[in-house]
Amino acid sequence: MSALDAAGKTELLGEQPEEIFLEFSAARLAALGLNQSQVVGTLAQQNAIAPSGVIHAGPERILVRVGGQFGDAEEIEAVNLRVGQRFFNLGDVATVTRGYQDPPTSLFRYNGQPAIGLQVGMRDGGNILEFGEELDALMSRVAADLPIGIEMAKFADQPHVVEEAVGHFVRALAEAVGIVLIVSFISLGLRAGLVVTLTIPLCLAITFVILDIYGITLQRISLGALIIALGLLVDDAMIAIETMISRLEVGETLENAASYAWTSIAFPMLTGTLVTVAGFIPIGLNSSAAGEFTFSLFVVIAVSLVVSWIVAVLFAPLLGVTFLSSKMAQHHAGPGRLRRAFHRLLRAAMRMKWLTIAITVAIFATSVWGMRFVEQQFFPTSDRTEVLVDIAERQNASIARTRADMDRLEATLADDEDVLFWTSYVGQGAPRFVLSMDVPTAGPHMGQIVIQTPSLAARDRVKARLNRLAVEEFPGVDIYVKNLEIGPPVGKPVQYRVTAPDADAARDAARGLATLMANEPRLRDIALDWNEPARMVRLVVDQDQARQLGVTSADIAQALSSLFNGTQVTQLLDDIFLIDVVARGQATDRQSLASIRNLQLNLADGRSVPLSALVTLEYGSEQPLIMQRNGLPTVTVKAAIATADQPATLVAALADSVAEYQSTLPSTVRIQVGGSVETSADSQAPIAAVVPVMLLIMAVLVMAQMQSFQLSLIVLAAAPLGLIGVVAVLVPFGVPMGFVAILGILALIGILIRNSVILVHEIQELLHKGRSQWDAVFEASDSRARPILLTAAAASLALIPISRQVFWGPMAYAMMGGIIAGTLVTLVFVPALYCAVFRVRPPTRDEGRLRS
């Protein structure tokens, strides 16, 4: 792997270290009057590699070495040792075998067969697609040189996953570009649409250069941000070109129309653009793990929107002068049917301003009330085709028991047509091949299986079959079948932590809580992260008698450890590898409690005494594992969801029952919500902390543009109206509101304020030109309606391609509904609010006749 420049950390999975075992028979040693420690010590001294000196022979140094080291297991078994005055062959008192670590700490298997996995990472800054191609070429050459019978297979291919994901997003980006172009050509015409079209590659090109300078790569978040930004970055160009067209239609020259676009809207558009960017500040400045995950979203949108303003005010007018026709003057045709309908609605809203404001406030209040019907979500599950199976036995289970149950489970996968291949990990979890993977704590009682399926439909079928199998064939084993996650990993989504000063009290309270949760039919696979005690035998030593014989508790513990666990005696050099030589008891002794009574302790004077003469055995139980949180024993009760409900919905449904159960517990026992609900709250708290900064920046920008408290109030009042469309879309479509959707809702604030800034600025411009207040409000609303609606259409319709994405879907739905409804309400509400704040009265009948 060192031949690849981009190769990073490389690890082997499932590697089993070789060991040579000296299995002594305690009874045989006692019968021969031998001391195991003396036998082991003599063997270690013979095999010792110690410096033997250097001969300085004139100009040359000659190294001196003493032989006697062992070359293989047969040499060890054949060695003759002397202990005291006795000579004997090691094979007379011990069985020497060569094998692998027993019991193993972890195992790795591919399609149920023992395997060694090679995990190769990539260095920071590398191109994963190029790295994947180089690695494939290298491994193909390696596979050609492998011995017959050893096969190589790829079980994780992140470059392929990235290539597919980027390909999907590139197609979505192309679709979004096409949608924006269609909106531009239909609404502005061929020439004007061409101008807007030319600004898109220019904006993207400059954006890509800046992102490359700051090291922002193309990945799921940055590509999604480009699609979101695409509908927004053409807004300024549309407004600039539409302004030019409106001036050309009244008879101005191309040059004057381009100049007017700069002098009249450049700085209001800058304020609106910066306000829109400020709407994404909670994404960029919050310190949560989820915020780190989505940070590139803020950078991409901020850069692209600022670049879009520069392109709109500098390049779009130049393109307009080049491509727009100078013969757009003097359009005398009256307004169309839709525009006349809008005029009637606008006049009615301005005349009945207080009723319009009241209706808008009532609709907004209804939307706030309707938020309770929106499902709450943290991050959606991944759209990848892997299925993960977590297996957790009792904490005192051996790795042999875990392996046996996993063998039974894996046997059902061999003939499954929906399974391409699978890898299994016994005693440990799978390596983190995606950032958001929940890696369980390693231990002999747990394992994990990663199953690759050909499609999402196949993935769901495999999950359903495994869930049924877990219930029917594996009682008492916690088997959790899940998808990969997208955001920060949480494991089972519904979790409660039970904390108490005493471990037994925490465990008992957690069991009661698990029973309560079992009454909720929408939950399944309820388990405690630690619960069952392990059986234990305690040796009570007669200390007085032990002292008389010169035996200590440490001697007894060491003898037992040598018998059951084994102790390293020495090492054997095999070529370039060092193999541990481990002394331990025979298999029959290691696997039986009777061997404790039969164990012979060797005394200093050469005599031996049975351990049963010094100790009394007591049987009991103890916790093999105790989790702590803030220094107190804490049991986490975890549950999966059997329906399509969201974790927050189920936690809310259980809230009263859990509170009632809490009231029955001692005051020292506390129950806290964990899982997705807690992680979501932890991720949203930093956002809430940054929202005041966002609002302050927006207020400062609006005040600097409006130069009036009253005008700023009118502009800012439109900010929350996007919630009307958000609720109107999320509730009927059943779309949950998660972390990413919340970010989209916050971004709506900036988008709607931007529209209001442009509208109110136009009103003030008309007032400066001598229009009456009524006429200024009406004409500004009429003239700004078209560009505002066009930009809203482009921004919302461009989100359609990512609305099908699992990750971006909730955000796309929320922003589409918020932009459309918020824009429509803004075009009516802001004029009515302006009329109310400045007490604008409708013209009298005589004034109306004079205008006509």
Side-chain angles (χ1 to χ4, degrees), residues 105 390-399 401-402 427-429 438-447 475-480 490-520 523 525-541 553 557 560-561 564-565 593 616-640 651 654-655 657-679 682:
T105 56
D390 291 345
I391 297 98
E393 304 275 356
R394 295 173 181 267
Q395 273 87 13
N396 63 336
S398 66
I399 194 169
R401 171 61 184 271
T402 306
Q428 65 176 3
D438 181 28
V439 179
T441 303
H445 64 284
M446 60 77 58
V477 182
D478 180 21
I479 297 179
Y480 178 41
V490 294
K492 289 185 178 179
V494 178
Q495 298 182 15
Y496 292 90
R497 288 192 304 274
V498 182
T499 303
D502 179 67
D504 291 335
R507 186 183 58 196
D508 293 341
R511 288 173 175 171
L513 179 59
T515 302
L516 184 150
M517 295 170 62
N519 295 325
E520 172 55 66
L523 294 179
D525 299 336
I526 301 171
L528 282 63
D529 64 343
W530 61 273
N531 180 17
E532 304 90 353
R535 289 189 295 175
M536 172 268 299
V537 57
R538 178 180 286 107
L539 279 65
V540 181
V541 181
S553 296
L560 291 172
S561 178
F564 294 113
N565 299 331
L593 288 175
T616 303
L617 302 186
E618 293 182 353
Y619 300 95
S621 62
E622 65 180 24
Q623 284 295 147
L625 177 69
I626 296 179
M627 298 286 190
Q628 289 189 331
R629 189 180 181 91
N630 297 329
L632 295 176
T634 302
V635 181
T636 303
V637 185
K638 305 178 180 180
V651 170
L654 289 169
S657 299
V658 172
E660 182 179 353
Y661 177 67
Q662 171 76 80
S663 65
T664 64
L665 299 174
S667 59
T668 55
V669 180
R670 293 181 291 110
I671 299 176
Q672 296 177 310
V673 177
S676 295
V677 174
E678 181 187 42
T679 309
D682 292 343

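- Of the possible polar contacts, none joining the Gln623 side chain to the Trp530 backbone as a donor-acceptor pair under 3.5 Å is found.
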Go through Leu539 and Leu560 one step at a time and tell me if the side-chain contact (heavy atoms from CB on, under 4.5 Å) criterion holds.
CA-CA 11 Å; Leu539 279 65; Leu560 291 172; 3.5 Å; yes
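- A donor-acceptor contact shorter than 3.5 Å links the side chain of Thr402 to the backbone of Pro444.
- Remark: the backbone N or O of Ile671 is paired with a side-chain donor or acceptor of Gln662 at under 3.5 angstrom.
- A donor-acceptor contact shorter than 3.5 Å links the side chain of Thr634 to the backbone of Leu632.
- When all heavy atoms of Tyr480 and Ala640 are compared, the closest pair comes out as CE1-CB, 3.5 Å.
- For the atom pair NE2 (His445) and CD1 (Ile391), the distance works out to 12.0 Å, reported to the nearest 0.5 Å.
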Step by step, would you call Leu665 with Val498 a side-chain contact (heavy atoms from CB on, under 4.5 Å)?
CA-CA 11 Å; Leu665 299 174; Val498 182; 5.6 Å; no
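- Separating the CE atom in Met627 from the OG1 atom in Thr499 is a distance of 13.0 Å, to the nearest 0.5 Å.
- Interatomic distance, OG1 of Thr668 versus CG of Asp502, reported as 9.0 Å (0.5 Å rounding).
- Interatomic distance, Arg629 CZ to Gln672 CD, rounded to the nearest 0.5 Å: 6.5 Å.
- Annotation for Leu523 and Leu654: closest pair CD1-CD1, 3.8 Å, computed over non-hydrogen atoms.
- Looking at every heavy atom in both residues, Tyr661 comes nearest to Asp508 through OH-O, 4.2 Å.
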side-chain contact (heavy atoms from CB on, under 4.5 Å), that's the test. Do Ile479 and Asp390 meet it? Break it down for me.
CA-CA 6 Å; Ile479 297 179; Asp390 291 345; over 6 Å; no
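- For Pro633 against Ala506, the heavy-atom pair with the smallest separation is O-CB, 3.9 Å.
- Among all heavy-atom pairs drawn from Ala639 and Met517, the shortest one is CB-CE, 3.7 Å.
- For Lys492 (side chain) and Asp525 (main-chain N/O), a donor-acceptor pair under 3.5 Å exists by modelled atom type.
- Atom CE of Met446 and atom CG of Asp478 lie 11.0 Å apart (nearest 0.5 Å).
- The nearest pair of heavy atoms linking Ser676 to Val490 is OG-CG2, 3.3 Å.
- A donor-acceptor contact shorter than 3.5 Å is absent between the side chain of Tyr496 and the backbone of Ala514.
- When the options Arg507, Gln395, Arg511 are evaluated for a side-chain hydrogen bond (donor to acceptor under 3.5 Å, both in side chains) with Asn531, the one that passes is Arg511.
- The CD atom of Glu393 lies 5.0 Å from the CZ atom of Arg401; values are rounded to the nearest 0.5 Å.
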